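Reading through the structure tokens given below for one structure.
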Amino acid sequence: MADLELRQEGEVVWATMNRPGRLNALSRGLVTELREFFVGLYWRRDVRVVVLSGAGEAFCAGLDLKERGDPQARGSVGAGLTRQREISEIVIAMRRCPQPIVACVNGAAAGGGFALALASDVRIAAPEARMNAAFIRIGLSACDIGVSYFLPRMVGSSVAAEYMLTGRFIDAERAYQLGLVSRVVPREQMASEAQGFVDDMLHATPLGLRLTKEALNHAIDAQGLEAAIAMEDRNQILASQDGDFQEGVRAFLEKRPPVYETREG
């Protein structure tokens, strides 16, 4: 059985980390499957939205320390950097891929699991959800797998420092107050809540949706207003020249769901 279960329904992939007995901790197998899936998404036109979740009662409890073996055993620095990049490449690919990612944080999201949640575009949390930068509690820096990039941009540097310097948990209510998650819903309602986001996203044209994620992510790092607007202007012209634009307008005026062309290229 795969550590990452992938179920495609139309243009949506429901990706479930499937190690419930280990709270979906990041084994070597799960790391490989996550990396290959998200890296591959960059080239896929048959997938427009991804929903990421964890099987059982957790989202992802971080690195599987039991599988890691003896912490006293030392290898070369180069080999260590390669293993580190094998994990961090996942969140780079999540941000780079053009498909919006909706994370259903149904329980613990610690360490690497926290990073996966932060690298997603929209987060939904169950009341039981707890998130933290667990790295600092096991002798490492809390700045790992993109957390030091994403968290301050979402909640501000002071709040990020509070949680990263202490390793304290952010519960679902606090996460909602901070704007870290968009909704807090019971576990049994998470799939339907995610489906609502998916349905609304699929109203956009395929190109419009991809360009929106791209521009939003670039705008976060833009050097100023004019740089962000230049990118917006480019994307609006590109989208307006796309064949699906007219269908989007017609569907809006006729108050019906749009029917876009399927493009593989």
Side-chain angles (χ1 to χ4, degrees), residues 14-26 34 49-65 90-91 94-95 100-138 140-201 213 216-217 220:
W14 297 75
T16 305
M17 292 175 282
N18 192 29
R19 303 185 72 223
R22 298 286 302 143
L23 301 179
N24 303 312
L26 294 168
L34 282 166
V49 184
V50 173
V51 180
L52 179 65
S53 63
E57 299 184 354
F59 179 71
C60 174
L63 189 65
D64 192 333
L65 295 176
I90 297 170
V91 300
M94 290 174 70
R95 184 174 173 86
I101 302 166
V102 180
C104 294
V105 186
N106 56 309
F114 188 32
L116 293 174
L118 294 180
S120 300
D121 299 290
V122 176
R123 285 156 294 282
I124 304 167
E128 300 85 358
R130 300 174 78 224
M131 299 178 279
N132 80 326
F135 324 101
I136 200 167
R137 293 194 167 191
I138 59 170
L140 296 172
S141 164
C143 302
D144 195 17
I145 318 179
V147 171
S148 66
Y149 176 89
F150 291 112
L151 192 61
R153 285 166 169 76
M154 294 177 184
V155 302
S157 60
S158 179
V159 173
E162 171 190 347
Y163 288 105
M164 294 180 69
L165 294 173
T166 65
R168 290 178 178 177
F169 281 94
I170 308 172
D171 62 25
E173 181 180 358
R174 177 66 168 151
Y176 182 72
Q177 292 170 350
L178 292 170
L180 198 56
V181 301
S182 298
R183 300 284 190 278
V184 178
V185 298
R187 281 177 177 165
E188 60 272 16
Q189 296 178 22
M190 295 191 81
S192 61
E193 189 71 24
Q195 185 66 58
F197 279 104
V198 167
D199 292 342
D200 286 341
M201 290 174 182
K213 173 172 176 174
L216 178 60
N217 285 337
I220 291 171

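Note that the structure is predicted; figures quoted are calculated from it, not measured.
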Once rounded to the nearest 0.5 Å, what's the spacing between atom OG of Ser192 and atom CZ of Phe197?
11.0 Å
Just how far is it from atom CZ of Phe169 to atom CZ of Arg174, taken to the nearest 0.5 Å?
16.0 Å
Between atom CD of Glu193 and atom CD of Gln195, what is the distance when rounded to the nearest 0.5 Å?
11.0 Å
Can any side-chain N or O of Arg187 pair as donor or acceptor with the backbone N or O of Glu57 at less than 3.5 Å?
yes
So, for Ala129 and Val105, which heavy atoms are closest and what is the spacing to 0.1 Å?
CB-O, 3.5 Å
Check whether any side-chain N or O of Asp64 sits under 3.5 Å from a backbone N or O of Ala25 as a donor-acceptor pair, and report yes or no.
no
Would you say CD of Glu173 has more than 12 non-hydrogen atoms from neighbouring residues, nucleotides or ligands within 6.0 angstrom?
no
Could you tell me which residues satisfy salt bridge (charged side-chain N to carboxylate O under 4.0 Å, His left out) with Arg137, sequence neighbours excluded, listed by chain and number?
none
Which atoms form the tightest heavy-atom contact between Ala172 and Pro127, and what is the distance?
CB-O, 3.8 Å
Interatomic distance, CG@Asn18 vs CG@Asn24, rounded to 0.5 Å, equals 7.0 Å
Euclidean distance, Ile124 CD1 relative to Leu52 CG, rounded to 0.5 Å
11.5 Å
Say you draw a straight line from CG of Leu180 to OH of Tyr163; how long is it, rounded to the nearest 0.5 Å?
9.5 Å
Residues 140-156, side-chain donor-acceptor partners within the protein, below 3.5 Å, at least two apart:
unit_1	atom_1	unit_2	atom_2	d
Ser141	OG	Cys143	N	2.9
Asp144	OD1	Gln84	NE2	2.5
Tyr149	OH	Arg95	NH2	3.0
Tyr149	OH	Asp221	OD1	2.6
Tyr149	OH	Asp221	OD2	2.3
Arg153	NE	Asp221	OD1	3.3
Arg153	NH1	Tyr149	O	3.1
Arg153	NH2	Asp221	OD1	3.4

Which is it for Leu34 and Met17 under the side-chain contact (heavy atoms from CB on, under 4.5 Å) test, yes or no, and what are the steps along the way?
CA-CA 9 Å; Leu34 282 166; Met17 292 175 282; 4.3 Å; yes
Measure across Val51 and Ala194 and return the closest heavy-atom pair with its distance rounded to 0.1 Å.
CG1-CB, 4.0 Å
Which residue pairs satisfy the side chain to side chain donor-acceptor pair (under 3.5 Å) criterion with at least one member in residues 105-131, sequence neighbours excluded?
Asp121-Lys213
Looking only at heavy atoms, what is the nearest atom pair of Ala175 and Ile170, with distance?
N-CG2, 3.7 Å
Ignoring hydrogens, what is the shortest heavy-atom contact between Ala115 and Val91? Give both atom names and the distance.
O-CG1, 4.0 Å
